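Owing to the predicted nature of the structure, the values given are computational and were not obtained by experimental measurement.
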Amino acid sequence: MQESEPLKSTNFIHEIIEKDLQSGKYQGRVHTRFPPEPNGYLHIGHAKSICLNFGTAAKYHGLCNLRFDDTNPIKEEQEYIDSIIQDVRWIGFDWDDRLYFASDYFDQMFDYAVQLIKSGKAYVCDLTPEEIRDYRGTLTKPGKESPYRNRSVEENLDLFQRMRAGEFPDGSRVLRAKIDMASPNLNLRDPVMYRILHAAHPRTGDKWRVYPMYDWAHGLEDSIERITHSICTLEFEDHRPLYDWYLDQLGIYHPQQIEFARLNLSYTVMSKRKFLELVKDGYVRGWDDPRMPTIAGLRRRGYAPESIRTFCDRIGVAKGDSTVDIALLEYCLREDLNKRSPRFMAVLRPLKVIIENYPEDKTEMLEAVNNPENPEAGTRIIPFSRIIYIERDDFMENPPKQFYRLAPGREVRLRYAYFITCREVVKDANGQIVELRCLYDPATRGGDAPDGRKVKATLHWVSAFHALNSEARLYEKLFLKENPNEVEEGTDWKSNINPNSLEILSSCKMEPALKGKNPGFICQFERLGYFCVDPDTTSEKMVFNRTVTLRDTWAKLQKQEK
RNA sequence: UGGGGAGUGGUCGAGUUGGCUAAGACGUCUGACUCUGGAUCAGAAGGUCGCGGGUUCGAAUCCUGCCUCCCCAGCCA
């Protein structure tokens with residue numbers, strides 16, 4: 001992102017930072033980090049954290065690292081590392097050469113653990129996982145001390161080295177911190193620091209047989225990188241005393257952790273586990289399905305990073321759980337796309353119109369504006385001929401008073417072309433409308449009547465002979481309920497999945513200028529919405545995703561009728 | 001039930017040294033304009049600041065009871 005684009009908004013985190021800046025707590029430094037675990041794809045919730053961390057650093061002329069928290073080789077994969085790097089960069093941030101991995105610090109963490117053992121603050125415990133759970137006690141009952149808690153330093157050192165050497169099977173022993181089994185904060189009841197995992201790590205291969213737990217590792221990572229403000233989500237609030245304890249026992253550099261509420265969005269879910277289920281069970285076509293709130297999904301859907309950043313800026317940062325209306329995301333999307341998108345005409349559900357008084361073999365080239373929001377975008381030329389397609393929704397045989405598009409006997413404008421009047425409705429044996437017979441007024445070429453007469457509506461259209469046949473994929477919300485997790489007894493969140501979230505229209509008629517546009521190309525189909533070219537496009541057939549509809553007051557009226 | 005957090009119009013969210021009619025945004029509803037029923041512009045409605053006491057000339061802001069919601073009992077992060 002361009003270096004400063006300063007966030008003008010303020011929040012409680014910035015207030016804390018400004019106080020620290022004034023008091024000189026970190027010698028005027030501001031150094032944050034975005035610390036994802038590479039066990040899945042990033043989503044819009046991560047974007048909030050990314051914008052907060054990178055944005056905060058930029059605002060105070062500090063630095064922000066990208067650091068992978070890769071402490072659990074069982075769940076983590078290189079594929080995720082690659083996708084996360086790509087996504088953070090795509091959102092618009094840069095970390096120079098500060099790409100770090102927790103696994104880079106494994107040796108140092110091990111040494112720190114040895115240091116704790118030597119000072120009698122950590123011990124090797126042979127309890128089984130079940131026993132550890134039992135000994136931990138409950139929310140209201142204090143735990144009991146492990147029988148292995150008072151092993152000698154020598155024995156602990158020996159055992160820990162042998163754990164590292166791979167002498168013991170998975171789950172047979174752990175290294176634990178010796179804190180307080182009666183603490184009301186469960187995190188302080190002798191937490192596990194290392195577990196034995198005979199698993200290959202994406203980056204360290206088979207070097208290690210013990211891997212650090214998040215709680216042990218995370219604070220150290222921040223300390224090692226000399227992070228000033230460790231921004232994380234609310235659920236880690238009562239882990240903070242544990243990080244503090246580790247850092248204090250070790251006597252090393254101490255960042256300040258600040259917690260904020262994670263993002264929730266209406267009409268969607270926001271957990272890697274649920275995304276995985278949606279993908280695995282085929283509710284969507286993959287992690288980058290345009291209905292997914294993953295960064296990859298939003299990108300394929302046609303979002304530009306600017307709109308995501310704006311969104312993250314506008315939602316604010318606070319400590320209370322909340323759910324942002326997805327309408328705000330769509331507002332930011334439209335605002336951004338309206339400014340940048342070239343316009344085209346495309347007919348999604350074609351209805352044939354024959355202009356009876358227009359010459360059979362004539363083709364005219366008419367000029368159209370590329371983007372009314374941006375004169376520099378210039379103009380283009382569109383072919384017009386006797387047979388055209390219009391949107392089926394733009395004609396009604398018996399229109400209600402609110403409807404002011406085409407109807408029998410009524411005159412409307414074809415955008416950038418002519419006024420036409422509907423003379424006759426042609427139906428098939430089943431009574432389905434198959435074709436409209438219209439008359440045009442040659443004097444209205446370009447779309448204006450010399451006599452000053454007005455029409456109520458302007459329709460988009462595509463010349464039948466010149467049309468590009470293509471596919472359009474229309475997306476609706478993935479969930480029917482504002483809060484998908486709110487369910488009837490006996491069902492789960494998946495019962496709220498919208499069965500009609502995808503509609504494929506395969507006989508769309510589009511303006512020929514669209515031919516050859518590459519995947520990722522974003523434009524507006526006039527009066528319909530913003531669309532982008534999908535990677536599924538082939539040389540045979542183009543495929544468009546509908547990113548979002550235009551605001552549509554007619555659709556709103558119709559909804560109210562129902 | 002132990003510990004840790006949070007409660008401001010439909011949704012986010014300012015406000016936090018107590019003091020003009022409690023910002024702003026999205027949403028909703030009007031109207032203007034319009035060769036996209038888009039965009040834009042103008043305007044409106046909507047709040048017992050979780051609840052009850054108290055302090056004060058004056059409280060969303062301070063004190064005090066209570067209520068509600070979220071998180072924690074992985075060798076996940």
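In the set B:G5, B:U36, B:G27, B:G27 carries the atom at the smallest distance from any side-chain atom of A:Ala327. Between B:U36, B:G10, B:G2, one nucleotide has an atom nearer to the side chain of A:Thr140 than all others, and that is B:G2.
In this structure, A:Arg203 is positioned above the aromatic face of A:Phe101, its NZ or CZ under 6.0 Å from the six-membered ring centre and within 45° of the axis. Cation-pi check for A:Arg413 over A:Phe419 is not met; the charged atom does not lie both under 6.0 angstrom from the ring centroid and within 45 degrees of its normal.
B:A44 is paired with B:U28 under the criterion used here, namely a Watson-Crick or G-U wobble arrangement in which both key atom distances are under 3.5 Å. B:A23 makes up no base pair with any nucleotide shown, lacking Watson-Crick or G-U wobble contacts both under 3.5 Å. Base pairing analysis places B:A6 opposite B:U68; the two distances defining the Watson-Crick or G-U wobble pair are each below 3.5 Å. Pairing for B:U55 is absent, with no Watson-Crick or G-U wobble pair whose two atom distances lie under 3.5 Å.
Taking the six-membered ring where the residue is Trp, A:Tyr211 and A:His201 present parallel rings, their angle staying beneath 30° rather than reaching 60°. Ring geometry, A:Tyr418 versus A:Phe384: the interplanar angle falls from 30° to 60°, so the pair is classed tilted. Aromatic ring pairs are classed by plane angle as parallel below 30°, tilted from 30° to 60° and perpendicular above 60°; the pair A:His43 and A:His46 is tilted.
Between A:Phe344 and A:Phe525, a ring centre-to-centre spacing not shorter than 6.0 Å is recorded. Taking the centre of each ring, A:Tyr80 and A:Tyr41 come in below the 6.0 Å mark. Ring-centre distance between A:Trp216 and A:Tyr112: not below the 6.0 Å cut-off.
OP1 or OP2 of B:A77 sits under 4.0 Å from a side-chain N or O of A:Arg195. At least one side-chain nitrogen or oxygen of A:Arg136 sits closer than 4.0 Å to the OP1 or OP2 atom of B:G74. When the side-chain nitrogen and oxygen atoms of A:Arg314 are compared with OP1 and OP2 of B:C26, none of them lie within a distance under 4.0 Å. Not one side-chain nitrogen or oxygen of A:Tyr214 sits closer than 4.0 Å to the OP1 or OP2 atom of B:C76. Contact annotation: A:Lys319 does not reach the phosphate of B:G7 (side-chain N/O to OP1 or OP2, under 4.0 Å). Put simply, A:Arg133 has a side-chain N or O that comes within less than 4.0 Å of OP1 or OP2 on B:G74. One finds a side-chain N or O of A:Thr71 lying less than 4.0 angstrom from the OP1 or OP2 phosphate oxygen of B:A77. Between A:Lys272 and the phosphate of B:A77, there is no side-chain N or O to OP1/OP2 separation shorter than 4.0 Å.
Nearer to the 5' terminus of RNA chain B, by closest-nucleotide assignment, is the contact made by A:Gly447 (compared with the other of A:Pro36 and A:Gly447). Of the two residues near RNA chain B, A:Met213 and A:Ala457, the one whose nearest nucleotide lies more 5' is A:Ala457.
Among the heavy atoms of the strands lying under 4.0 Å from A:Tyr416 is at least one base atom, whether or not backbone atoms are also near. Contact annotation for A:Thr323: backbone-only contact, meaning every heavy-atom pair under 4.0 Å involves sugar-phosphate atoms and none involves a base. Backbone-only engagement by A:Arg551 is indicated by non-hydrogen atom pairs under 4.0 Å involving sugar-phosphate atoms exclusively. Note on A:Val192: only backbone sugar-phosphate atoms sit closer than 4.0 angstrom, heavy atoms only; bases stay farther off. When heavy atoms are screened at a 4.0 angstrom cut-off, A:Gln402 is found touching base atoms of the nucleic acid. Nucleic acid contact for A:Val455: none, since no nucleic acid atom lies under 4.0 Å from a heavy atom of the residue. Across all strands shown, A:Leu550 has heavy atoms under 4.0 Å from base atoms, whether or not it also approaches the sugar-phosphate. Residue A:Pro35 is out of contact with every strand shown, counting any heavy-atom pair closer than 4.0 Å. No engagement by A:Phe525 is indicated, since no non-hydrogen atom pair under 4.0 Å with the nucleic acid exists. No engagement by A:His218 is indicated, since no non-hydrogen atom pair under 4.0 Å with the nucleic acid exists. Counting any heavy atom pair closer than 4.0 Å across all strands shown, A:Leu139 reaches a base atom. Using a 4.0 Å heavy-atom criterion, one finds that A:Ser322 contacts the sugar-phosphate atoms exclusively. The residue A:Asp215 sits apart from the nucleic acid: no heavy atom pair falls under 4.0 Å.
In terms of polar N and O atoms assigned as donor or acceptor, the side chain of A:Asp552 never comes within less than 3.5 Å of the base of B:G37 in a complementary pairing. Counting atom types as modelled, A:Glu373 pairs a side-chain N or O with a base atom of B:G38 as donor and acceptor under 3.5 Å. A donor-acceptor contact under 3.5 Å is formed by the side chain of A:Tyr404 with the base of B:G37. Counting atom types as modelled, A:Arg240 pairs no side-chain N or O with a base atom of B:G4 as donor and acceptor under 3.5 Å.
To the nearest whole angstrom, the two C1' atoms, one in B:A73 and one in B:G4, are 14 Å apart. On the P atoms, B:U61 is 15 Å away from B:G15, given to the nearest whole Å. Of the P atoms belonging to B:U28 and B:G74, the separation is 45 Å, rounded to the nearest Å.
Classification of B:G50 as anti follows from a glycosidic angle more than 90° from 0.
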